[in-house]
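Below is one structure, written out as structure tokens; comments come after it.
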Amino acid sequence: MHLISAGVDVTVIRSWLGHVSLDTTNHYARANLETKRKALEKVAVPTTPGGQPSWKRDASVLAWLDTL
């Protein structure tokens, strides 16, 4: 986890550990809270013109959803 937190690619870690499959490496590599926090900070809130997604501005889509 220290290597992943430092930004080392998991495929490089797999090679260093001698794992044949990334599944094996992933079994040991669990994201901690700090890693999750950093990932969330990189995600931007999508902005759409008009402040609403296009499907909310489309009356036909909303009418169809009301029929479900």
Side-chain angles (χ1 to χ4, degrees):
M1 279 310 305
H2 293 290
L3 291 171
I4 290 173
S5 295
V8 177
D9 188 83
V10 71
T11 56
V12 174
I13 297 168
R14 181 204 65 194
S15 296
W16 285 341
L17 296 176
H19 294 159
V20 173
S21 168
L22 277 177
D23 291 335
T24 305
T25 309
N26 289 336
H27 177 74
Y28 296 102
R30 302 282 183 217
N32 59 24
L33 287 177
E34 179 66 13
T35 303
K36 291 176 185 178
R37 183 189 62 76
K38 286 180 181 177
L40 286 174
E41 286 177 350
K42 292 180 182 180
V43 178
V45 177
T47 57
T48 56
Q52 291 184 332
S54 61
W55 64 269
K56 282 192 173 184
R57 295 188 312 264
D58 188 335
S60 64
V61 172
L62 293 174
W64 176 77
L65 287 171
D66 284 338
T67 66
L68 299 178

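Using a 4.0 Å cut-off between charged nitrogen and carboxylate oxygen, Arg37 and Glu34 count as a salt-bridge pair.
The side chain to side chain contact (heavy atoms under 4.5 Å, CB included) search around Leu3 returns Val8, Ile13, Trp16, not counting sequence neighbours.
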Expected list for residues 60-68: side-chain donor-acceptor pairs under 3.5 angstrom, two or more places apart:
| from | atom 1 | to | atom 2 | distance (Å) |
| --- | --- | --- | --- | --- |
| Ser60 | OG | Asp58 | OD1 | 2.6 |
| Thr67 | OG1 | Trp64 | O | 2.5 |

